[in-house]
Student: 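Provided herewith is a single structure, encoded as structure tokens, for subsequent inquiry.
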Amino acid sequence: MLGALRADGRLTIAALAERVGLSQSPCWTRLRRLEEAGLIRDYVALLDHRALGIPDVVFVEVTLDKHDDSVLEAFGTEILRIPEVLEAHLVTGDYDYMIKVAVSGTAHYERFLREKLYRIRGIRQSRSVFALRTLKQEVSVDPVAIARQAQ
């Protein structure tokens with residue numbers, strides 16, 4: 001069921017039931033249980049950034065001056081407000097955060113840096129890497145494929 005919804009989140013209960021070999025009522029019940037258990041967090045539409053005029057992806061490594069709770073919380077709060085930020089992860093290693101940003105080009109990225117990112121207090125340094133091409137892009141893992149590999 002999870003694999004079918006991962007491939008097409010717009011499936012009707014009837015179509016989902018057919019794909020997983022259940023009648024509609026038990027299918028609906030299982031779906032609700034998966035949602036209540038937190039296995040299905042949300043249903044979304046994936047937008048085509050290129051069609052929207054925002055084709056470029058930049059990965060930004062950010063290092064903070066300090067690592068106390070107030071600095072981390074303030075940084076997190078500010079990052080959540082920036083619409084270009086697609087993902088932000090607190091990471092281990094040489095820097096503190098890895099941020100995935102969508103922009104329309106280098107001029108837009110420069111504005112993003114100067115007007116948004118660098119206005120967040122506590123940033124010591126950043127390093128940017130433009131993605132040249134996306135080889136794979138998924139929003140979640142395929143639980144069926146992972147289960148097969150584990151066997």
Side-chain angles (χ1 to χ4, degrees), residues 1-16 18-20 27-28 31-149:
M1 187 175 284
L2 291 173
L5 286 170
R6 180 182 168 274
D8 184 356
R10 293 184 70 180
L11 287 174
T12 64
I13 290 296
L16 180 60
E18 184 177 322
R19 285 215 186 146
V20 299
C27 181
W28 184 86
L31 179 61
R32 291 292 165 245
R33 278 194 211 135
L34 291 169
E35 292 170 346
E36 289 167 3
L39 276 87
I40 298 173
R41 193 174 55 189
D42 215 342
Y43 298 90
V44 300
L46 297 177
L47 306 180
D48 184 329
H49 291 169
R50 185 168 299 285
L52 292 169
I54 311 167
D56 295 318
V57 172
V58 185
F59 295 95
V60 186
E61 301 167 352
V62 176
T63 304
L64 301 179
D65 284 332
K66 298 178 186 175
H67 298 96
D68 62 44
D69 288 344
S70 64
V71 172
L72 295 171
E73 186 176 328
F75 179 82
T77 299
E78 291 301 317
I79 279 297
L80 292 175
R81 293 183 181 148
I82 302 174
E84 291 91 346
V85 174
L86 300 173
E87 297 178 23
H89 304 272
L90 179 62
V91 297
T92 62
D94 295 334
Y95 47 93
D96 301 314
Y97 287 91
M98 171 67 77
I99 301 168
K100 181 179 176 183
V101 178
V103 293
S104 62
T106 56
H108 183 182
Y109 185 62
E110 181 187 6
R111 281 193 317 279
F112 162 80
L113 286 177
R114 284 186 297 102
E115 298 172 8
K116 296 175 182 177
L117 187 66
Y118 290 163
R119 291 191 180 181
I120 299 174
R121 288 199 170 109
I123 295 178
R124 181 179 352 145
Q125 66 182 16
S126 70
R127 187 175 91 161
S128 306
V129 178
F130 270 76
L132 299 177
R133 181 177 2 149
T134 301
L135 302 177
K136 181 177 180 179
Q137 184 176 28
E138 301 287 347
V139 269
S140 62
V141 297
D142 180 348
V144 176
I146 289 176
R148 279 190 208 128
Q149 288 179 354

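In what follows, residues are counted from 1 in the order of the sequence shown. Values below: all heavy atoms of this structure, side chains included; hydrogens, waters and symmetry mates excluded.
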Student: Is it the case that the side chain of R124 and the backbone of L64 share a donor-acceptor pair, with hydrogens and angles ignored and the cut-off at 3.5 Å?
Tutor: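 Such a contact is found between R124 side chain and L64 backbone.
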Student: Considering all heavy atoms of both residues, which atom of S104 and which atom of G53 are nearest to each other, and what is their separation?
Tutor: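 Closest pair (atom of S104, atom of G53, distance): CB-O, 3.2 Å.
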Student: Indicate the atoms forming the closest heavy-atom contact of I54 with A102, along with that distance.
Tutor: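 Shortest heavy-atom contact: CG2-C, 3.5 Å.
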Student: So which heavy atom on D56 is nearest to which on G105, and how close?
Tutor: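 Reported closest heavy-atom pair: OD2-CA, 3.2 Å.
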Student: Any chance you could measure D142, atom CG, to L2, atom CG, to the nearest 0.5 Å?
Tutor: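 The distance works out to 9.5 Å.
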Student: Under the rule for side-chain hydrogen bond (donor to acceptor under 3.5 Å, both in side chains), what residues qualify as partners of E138, not counting sequence neighbours?
Tutor: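 side-chain hydrogen bond (donor to acceptor under 3.5 Å, both in side chains) list for E138, sorted by chain: R6.
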Student: Do I40 and L31 come close enough that some side-chain heavy atom pair is under 4.5 Å?
Tutor: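 Touching, per the 4.5 Å side-chain cut-off.
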Student: Please tell me if the side chains of R32 and C27 come closer than 4.5 Å, counting only heavy atoms from C-beta onward.
Tutor: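 Side-chain contact under 4.5 Å: no.
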Student: Would you say Q137 has more than 12 foreign heavy atoms packed within less than 6.0 Å of its CD?
Tutor: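 No, the 6.0 Å shell around CD holds no more than 12 heavy atoms from other groups.
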Student: Please name all residues satisfying ring pair (Phe, Tyr, Trp, His ring centres under 6.0 Å) with F130, sequence neighbours left out, ordered by chain then number.
Tutor: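 F130 satisfies ring pair (Phe, Tyr, Trp, His ring centres under 6.0 Å) with Y109 once adjacent residues are dropped.
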Student: Mind checking whether M1 and L34 have side chains closer than 4.5 Å, heavy atoms only?
Tutor: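 Yes, close enough: below the 4.5 Å cut-off.
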Student: Could you state the interatomic distance from CG (D96) to CG (D65), rounded to the nearest 0.5 Å?
Tutor: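 If we round to the nearest 0.5 Å, D96:CG and D65:CG are 9.5 Å apart.
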Student: Under 4.0 Å between a side-chain nitrogen and a carboxylate oxygen: does that hold for E78 and R81?
Tutor: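 Salt bridge flag = yes for R81 with E78.
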Student: Less than 4.5 Å apart, side chain to side chain, heavy atoms only: is that true for F59 and M98?
Tutor: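 Yes, at least one pair of side-chain atoms sits under 4.5 Å.
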Student: Quick check: are there more than 12 heavy atoms from other residues, nucleotides or ligands sitting under 6.0 Å from CD of E18?
Tutor: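 At most 12 heavy atoms, drawn from other residues, nucleotides or ligands, come within 6.0 Å of this atom.
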Student: What pairs meet the side-chain hydrogen bond (donor to acceptor under 3.5 Å, both in side chains) rule with one or both residues in residues 39-49, with sequence neighbours excluded?
Tutor: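 Counting only pairs at least two positions apart or across chains, the side-chain hydrogen bond (donor to acceptor under 3.5 Å, both in side chains) contacts touching residues 39-49 are E35-Y43.
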Student: Minimum heavy-atom separation for E84 and V103, please, with both atom names.
Tutor: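 So the minimum-distance heavy-atom pair works out to CG-CG1, 4.5 Å.
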Student: Taking side chain as C-beta onward, heavy atoms only, is V60 less than 4.5 Å from V58?
Tutor: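 Counting from C-beta outward, V60 and V58 do come under 4.5 Å.
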Student: Quick one: ring pair (Phe, Tyr, Trp, His ring centres under 6.0 Å) partners of F75, sequence neighbours excluded?
Tutor: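 Scan of F75 (ring pair (Phe, Tyr, Trp, His ring centres under 6.0 Å), adjacent residues dropped) gives Y97.
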Student: For I82 and K116, work out which heavy atoms get closest and say how close.
Tutor: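 I82 and K116 have their closest heavy atoms at CG2-CD, 3.9 Å.
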Student: With side chains defined as the heavy atoms from C-beta onward, is the minimum distance between L46 and V139 less than 4.5 Å?
Tutor: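 Yes; the side chains approach each other to less than 4.5 Å.
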Student: Can you tell me if D8 has over 12 outside heavy atoms packed within less than 6.0 Å of its CG?
Tutor: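 Atom CG in D8 is packed in, count exceeds 12.
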Student: What heavy-atom pair brings L11 and A15 nearest, and what distance separates the two atoms?
Tutor: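 The answer is CD2-CB, 3.9 Å.
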Student: Which residues pass the salt bridge (charged side-chain N to carboxylate O under 4.0 Å, His left out) test with E87, not counting sequence neighbours?
Tutor: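 Salt bridge (charged side-chain N to carboxylate O under 4.0 Å, His left out) list for E87, sorted by chain: K100.
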Student: Restricting to salt bridge (charged side-chain N to carboxylate O under 4.0 Å, His left out), what partner residues turn up for R114, sequence neighbours left out?
Tutor: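 R114 satisfies salt bridge (charged side-chain N to carboxylate O under 4.0 Å, His left out) with E110 once adjacent residues are dropped.
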Student: Crowded around E73 CD? As in, over 12 foreign heavy atoms under 6.0 Å?
Tutor: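 Counting other residues, nucleotides and ligands, CD of E73 stays at 12 neighbours or fewer.
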Student: Evaluate the side-chain proximity of I99 to I79: yes if any heavy-atom separation is below 4.5 Å, no if none is.
Tutor: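 Yes, close enough: below the 4.5 Å cut-off.
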Student: Once you round to the nearest 0.5 Å, how far does CG of L113 lie from NE2 of H108?
Tutor: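 Going from CG on L113 over to NE2 on H108, the span is 10.0 Å.
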Student: Using the rule given for side chain to side chain donor-acceptor pair (under 3.5 Å), can you reason through S126 versus Y118, listing the C-alpha separation, both sets of side-chain angles and the distance that settles it, and then say yes or no?
Tutor: CA-CA 9 Å; S126 70; Y118 290 163; 2.9 Å; yes
Student: Measure the shortest side-chain to side-chain distance between L52 and L47 over non-hydrogen atoms and say whether it is less than 4.5 angstrom.
Tutor: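 When only atoms from C-beta onward are counted, L47 and L52 do touch, with a gap below 4.5 Å.
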